[in-house]
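So the structure is just underneath, and the comments pick up after that.
For reference, positions follow the sequence shown, starting with 1. Just so we're clear, the structure is a prediction, and the values are computed from it rather than from any experiment.
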Amino acid sequence: MGAEMSVDVLVAEFRSWLAVDRGLSRESVRCYGTQAGKFLAGLPGPVDAAVRQLDSGRITTFMVDYCRDCNTWSAKAMVTSLRALLRFLHVSGRIPAPLVGAVPGVAGWRLASLPRGLDAPVVARLLDGCDRATVVGRRDRAILTMLARLGLRGVEAAGLELDDIDWRSGEVTIRGKGNRIDRLPLPVDVGEAIVAYLTDGRPACAVATVFCTIRRPYRPLNAAAVRAIMGRACAHAGMARVGAHRLRHSLASDMLRAGASLPEVGQVLRHRSDLSTAIYAKVDENALRPLAQPWPIQVRS
């Protein structure tokens with residue numbers, strides 16, 4: 001009889017399948033693997049035997065328990081990851097049926113929330129809070145400047161590679177969601193911030209990404225590191241912590257206030273669907289103002 005498989009080994013195989021067979025990005029593979037590990041670690045007994053005994057009831061019970069103490073975003077991330085794991089277990093012959101239908105969906109309505117951007121003085125305060133006299137400060141400022149000026153997602157800034165920047169043409173290649181590749185113009189202030197970090201701070205190492213850890217062993221940054229950088233900048237600026245995505249919302253809101261159309265905003269943010277951009281209609285004050293009805297005035301006799 002062969003040795004029992006560990007959760008780590010099964011998660012590693014799952015990640016390999018996601019990367020090779022499904023073609024998912026490095027960050028998606030990391031996220032799916034982390035969520036799958038939480039599910040597998042909670043199964044009773046040896047994981048290989050527990051997987052063979054999986055049924056709809058156990059899967060649904062896990063999701064109900066998991067969603068009690070997490071927000072909508074975390075719950076949806078688990079739903080997506082668990083469905084992918086069940087497909088993998090099926091195609092690899094570990095379960096006879098995919099059981100994907102046993103994973104309940106999470107209530108979350110599109111366009112229900114309001115995108116919350118930051119005012120330009122607040123964004124300036126965040127950037128100025130990065131200490132340019134230190135390596136960490138120069139790196140953090142370069143990352144936040146990219147988020148604020150190019151509207152990048154945190155994972156996109158973290159995954160930027162040295163060869164992605166074409167200094168001669170003033171362009172930068174961005175690898176986005178769904179393996180989408182876009183070439184964007186490199187604004188002067190973004191280029192200056194990156195140069196300040198590359199020429200005076202970035203360690204000489206084999207890491208391919210522009211942004212990496214400061215201490216050995218040198219490693220590329222990830223989305224979690226960018227969130228931590230944003231949190232540190234908020235603390236230095238003396239403000240409550242907000243997410244790095246707020247800088248992306250700020251750029252969209254600023255464009256609308258300057259007269260840009262929703263399709264133009266979607267093009268800059270590189271949305272694959274117009275529905276993703278539609279949420280910014282809620283903050284398009286110029287377009288909404290003509291729709292507002294005059295407030296009724298009560299005339300006293």
Side-chain angles (χ1 to χ4, degrees), residues 2-43 47-48 50-52 54 59 62-63 66 73-103 143 146 152-165 172-184 205-213 217-228 244-245 270-273 276:
E4 295 177 351
M5 175 175 289
S6 68
V7 170
D8 290 342
V9 170
L10 185 54
V11 170
E13 290 186 13
F14 173 51
R15 284 177 165 152
S16 177
W17 177 76
L18 290 172
V20 177
D21 292 61
R22 296 289 303 281
L24 268 62
S25 67
R26 181 176 59 187
E27 181 62 19
S28 295
V29 169
R30 184 197 66 79
C31 178
Y32 282 30
T34 299
Q35 300 288 56
K38 295 177 184 178
F39 171 74
L40 294 172
L43 296 179
V47 67
D48 46 358
V51 163
R52 289 194 295 269
L54 275 178
I59 294 169
F62 167 81
M63 280 303 308
Y66 181 84
W73 184 90
S74 298
K76 286 187 174 183
M78 177 57 78
V79 167
T80 304
S81 303
L82 185 52
R83 286 174 177 169
L85 174 65
L86 293 172
R87 291 188 183 96
F88 162 72
L89 294 176
H90 176 55
V91 300
S92 61
R94 290 180 169 89
I95 56 177
L99 294 176
V100 172
V103 184
I143 291 174
M146 292 193 71
L152 300 188
R153 303 174 180 91
V155 66
E156 293 169 344
L160 185 70
E161 298 187 357
L162 293 168
D163 291 340
D164 290 335
I165 304 177
V172 57
T173 299
I174 303 299
R175 294 175 175 82
K177 295 175 66 174
N179 292 323
R180 173 173 171 170
I181 298 178
D182 294 284
R183 291 180 66 87
L184 304 179
C205 59
V207 175
T209 54
V210 173
F211 304 108
C212 61
T213 55
Y218 302 120
R219 299 183 304 275
L221 300 186
N222 54 28
V226 175
R227 290 193 292 270
H245 218 67
R270 292 162 291 110
H271 286 155
R272 289 179 292 178
S273 169
S276 299

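With values rounded to the nearest 0.5 angstrom, Arg272 atom CZ is found 8.0 Å from Arg180 atom CZ. Annotation: the span from Arg87 atom CZ to Leu82 atom CG amounts to 10.0 Å, rounded to 0.5 Å. Here Leu221 contributes atom CG and Phe211 contributes atom CZ; the two are 8.0 Å apart, rounded to the nearest 0.5 Å. Interatomic distance, CG of Leu54 versus CG of Leu99, reported as 6.5 Å (0.5 Å rounding). Residue Leu43 holds its CG atom at 9.5 Å from CG of Leu10, rounded to the nearest 0.5 Å. Expressed to the nearest 0.5 Å, how far CD of Glu27 lies from CG of Asn222 amounts to 6.0 Å.
Considering every non-hydrogen atom in both Thr173 and Ile181, the closest pair reads CG2-CG2, 3.5 Å. Smallest separation of non-hydrogen atoms from Cys205 and Tyr218: CB-CD1, 3.4 Å. Between Phe14 and Ala36, the closest heavy-atom pair is CE2-CB, 3.6 Å. Shortest non-hydrogen contact noted between Gly37 and Val7 is O-CG1, 4.3 Å. Nearest heavy-atom pair across Gln35 and Ala77 is NE2-CB, 3.5 Å.
Of the possible donor and acceptor atoms, one in the side chain of Arg219 sits under 3.5 Å from a partner among the backbone N and O of Pro217. No side-chain donor-acceptor contact under 3.5 Å links Thr209 to the backbone of Cys212. Using modelled atom types, one side-chain atom of Thr34 and one backbone atom of Arg30 make a donor-acceptor pair closer than 3.5 Å.
Two residues are said to be in side-chain contact when any heavy atoms from C-beta on lie closer than 4.5 Å; Val226 and Glu156 fail this criterion. Side-chain atoms of Arg22 and Trp17, non-hydrogen and from C-beta on, do get closer than 4.5 Å to each other.
Residue Asp163 places its CG atom among 12 or fewer non-hydrogen atoms of other residues, nucleotides or ligands, all under 6.0 Å distant.
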Item to complete: Report the C-alpha separation of Leu24 and Arg15 in whole Å, then their side-chain angles, then the decisive distance to 0.1 Å, and conclude whether the side-chain contact (heavy atoms from CB on, under 4.5 Å) test is met.
Response: CA-CA 9 Å; Leu24 268 62; Arg15 284 177 165 152; over 6 Å; no
Dump the intermediate steps for side-chain contact (heavy atoms from CB on, under 4.5 Å) on Ile174 and Leu160, then the final yes or no. CA-CA 7 Å; Ile174 303 299; Leu160 185 70; 4.2 Å; yes
**Report entry** Verdict with reasoning, Glu13 to Arg94, per side-chain contact (heavy atoms from CB on, under 4.5 Å)
**Finding:** CA-CA 12 Å; Glu13 290 186 13; Arg94 290 180 169 89; 2.7 Å; yes
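Between Phe39 and Phe62, the ring centre distance stays below 6.0 Å.
The side chain to side chain contact (heavy atoms under 4.5 Å, CB included) with Val103 is formed by just one residue from the set Leu85, Thr80, Ile59; it is Ile59.
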